[in-house]
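For reference, the structure is listed below as C-alpha cells.
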Number of protein chains: 2
Amino acid sequence: MSSTAALAPAPPASRWPPPYLLYLGNARDHLAAKTARGLAHWRPQWCVGQFRGSDCKTTLGLPDLDFEQAVAAGANTMIVGVANAGGVMDDEAVQHVVAALDAGMNIASGLHQRLASYPDIVAAARRNGRFLFDARQPPPLAVGNGRCRAGRRLLAVGTDCSVGKMYATLALERELQSRGVRADFRATGQTGIFIAGAGVPIDAVVADFISGAAEWISPARDDGGWDLVEGQGSLFHPSYAGVSLGLLHGAQPDALVLCHEPGRAHMRGLPHYPVPDLATCLEANLQAARLTSSDVIAVGVAVNTSNLGGADAAARACAEIEDALGLPCEDPVTMGMARIADRLQSCFAS
Amino acid sequence: MSSTAALAPAPPASRWPPPYLLYLGNARDHLAAKTARGLAHWRPQWCVGQFRGSDCKTTLGLPDLDFEQAVAAGANTMIVGVANAGGVMDDEAVQHVVAALDAGMNIASGLHQRLASYPDIVAAARRNGRFLFDARQPPPLAVGNGRCRAGRRLLAVGTDCSVGKMYATLALERELQSRGVRADFRATGQTGIFIAGAGVPIDAVVADFISGAAEWISPARDDGGWDLVEGQGSLFHPSYAGVSLGLLHGAQPDALVLCHEPGRAHMRGLPHYPVPDLATCLEANLQAARLTSSDVIAVGVAVNTSNLGGADAAARACAEIEDALGLPCEDPVTMGMARIADRLQSCFAS
C-alpha cells in the first residue's frame, strides 16, 4: 500500500484539509466504521490516527490519539467517519467534536444529521475559527445540460448495489497513475468524497439534479487525463435505477467498467429480484449511455471474488466472464486492474 | 366540460379541502397562472372564483371575489396557483394570504418557498385554526421495494418534457369514468397535485426515493379500478431521465400511453438533442418497465397537435403514427381518448 499510496492526488483547497484524525466514537462493529475504514485503506498517508470512545468495538489499526495528540501529530481535520443508528450524534460524540474544535481541528462528517444543527458545535467552530463540512450535503447544482464536453471519462456501473464500484474505480486510478497516466477518481458517495477530498453525494440530491450533479463532478478537462467516476446502484435495481441512469447520462462516459459480485443470490435487499445476466446488464448500460456519449465502449469487468472460497474459484469465475463477454475480468483487490487498464489504454491510444 | 366534470372524484380528506378560491396575485401572463389554469380547466366544480391583484394581467374567466365573498360562496381553501419570479411571495401577496386566513380559508401553495417560512402567515393560520399546505413539499417516503402489488396501473411516458402527459392522463380518467370504469389520476407534479387533491412532486424528492415515491402514490388496489399515473420528463431527456426511470419502475405499469408533440424541433431546452423516434422511445420504455412489470404493453399514443395548423394536418399526423406503431393515436384535447380507452379495455377485458 505505502509504495503506491503516495501517488494519490492532494485534495483541492477545501474546508477539510488533511491530515486527518478518524473519529470512531463507540462504533459497534466494522460496518459502522465503513467510511473511516475506506479512508484509512485508500488514503493512509492522510490519516495520522484514530479516536475511539470507551465502548468502541472496532479498530482501524491506526495509533489511538486524543485531540491534543492528534493536533501535535499534524491533524488539521477530524473526520466523523462512523454510522450511528439514525445518523445522529449522541451527547458524548457532540462533546468530543467540541473538544476537537477547541484543540484546533476542522470537522467533517458523513452523518445524515448536519453538524450545523448542533448549537454547541456551531459555537465551538465560531470561537475557534474552524470549518464544519457535511459530506451528505450536496452543493448548489444546476440541471444537467447534456452538452458534449472535452476530456475522457470512465464510469463504473454495476449489476447491483455494493458490488465494489468504488474499490474498482480507486484501484484503476492507482494503476493508471502508476503508469504515469493522469487519472482522477470522482466521488459520488460519502466515503468516496472523503477519499477524493471532493465530490457530490448523488443519492442525496433532489431528483431533478442527478445528471447535473454528475456533470458538476466531472467537468470538461483538456489535459489528456481521465476522470474515473464512481458509480452508484444499478440500472437493474428497482429502488435506485433512477440515480444510476441520471449518473450515466451526466457522466457522459467514453468507457464503462462493469462491476459484479459472482454468487450473489439476489439484488441487495430485494429477495424477489434476481441479479441480471452480465451481458444483458452491460448492453442496457451501453444503450442508455449512448444518449449523451454515442461512442461509449466497455473496457472490462471488475469482480468481487471474496465470497468464492479461494484463488482457484476466483480465477475460474473470471475466466468464464472473459469468455462470455470478451472483456478482461479481474478482482481489483486480489488481482489488480492491470489488464483492464491495458484495454483502456489500447482502446484510447491516440 | 360541465357534463363530465361532475365525474371527477372528490379528493381524500386533506388539509386543502375544496371548494377553492384561485389566487392569481399580479400574474404577468397566462404562463404565470399555469397551475391555477389547469385546476380551473380540470376541476371547475371545485373553483368558486378567482382573486386578482391590481396589476394582474390574466384571467381564468371565473368570478372575481374578495376573501369574504369567496367564503360566503363556500370556499374552504385559497390556492396560490401562480408562479412568481423566484417562487417567493412579495409583501402584498403575504398580506393577501393573511387576509384569506383571517376570512376563514386554508391555504395551499405551489410556490417553491414554503408557506411556513413566512411568520405572519404562520401566525394567521394559528390564530384562525387553519391549515397551510405546500404542494412542492414531498411527504416522508421510503425507498422503492419493487414488490409486485395488486391493481392495474397505467403510466403516461413521453418523447420529451411538456408534451401533454398530464392532459392525456386526465382525459383518459374522464373517458374511463364516463364508461363507469373506476379510474383515478395519480399526480406527480404540482398542478396535478392540486387537481387530484393528493400526490407527490416527484422531481422534488431526494434521488434515492424516486421509485419509492411512485409506489407511494399508486399503492395496491383490489377494486378492479385503474391508477392512471402522471408521467414526468422522458427517458431520452438527458436532464431528467433519472426521474422518468424511477417513476417507470415505481409505477409498475400494466399499460403505457406514449405522449408526443409532432413537429417539435428538439428536446425541450436542449437544441443539441433531437426528439427520439417514437418506436425507439416506446421500445426503450417498455424494456425498462419490464424490470418491475414483466407483461407491460403499450395501448396508445397521445399527441398534442395544437401546433400543426388545423384538423386535417392533425388527422394526417395521427394516421401516420398509427400506421407506424400499430396503436390508436389521438389528441386528448381535440379528439378525446375514446379509442385509446377502447384498446385499454379490450387488452384488459378480464
About how many Å separate OH of B:Tyr240 and CG of A:Leu245, when rounded to the nearest 0.5 Å? 14.5 Å
Distance, nearest 0.5 Å, that separates CG of B:Leu291 from NE2 of A:His237: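 Between B:Leu291 CG and A:His237 NE2, I get 9.5 Å after rounding to 0.5 Å.
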Please state whether the side chain, the backbone, both or neither of B:Gln287 comes within less than 4.5 Å of a heavy atom of chain A.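 Side chain only.
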Non-hydrogen atoms of A:Ser239 and B:Ser211 that approach each other most closely: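 A:Ser239 and B:Ser211 have their closest heavy atoms at O-OG, 3.1 Å.
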Between B:Asp203 and A:Val206, the two heavy atoms sitting closest are O-CG1, 3.2 Å
Interface check, chain B: of A:Leu248, A:Val243, A:Leu247, most non-hydrogen pairs under 4.5 Å belong to A:Val243
Counting only heavy atoms closer than 4.5 Å, note whether [X] contacts chain B via side chain, backbone, both or neither.
X        : value
A:Phe236 : both
A:Leu235 : both
A:Glu215 : neither

Pairs of heavy atoms under 4.5 Å with chain A: top-ranked of B:Met267, B:Gln252, B:His249: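 Of B:Met267, B:Gln252, B:His249, B:His249 has the most heavy-atom pairs under 4.5 Å with chain A.
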Contact winner vs chain A - B:Pro238, B:Ser244, B:Ala207, B:Ala213, heavy-atom pairs under 4.5 Å: B:Ala207
Spell out, as yes or no, whether a donor-acceptor pair under 3.5 Å connects the side chain of B:His272 to the backbone of A:Asn145.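 Side chain of B:His272 to backbone of A:Asn145, a donor-acceptor pair under 3.5 Å: yes, one is there.
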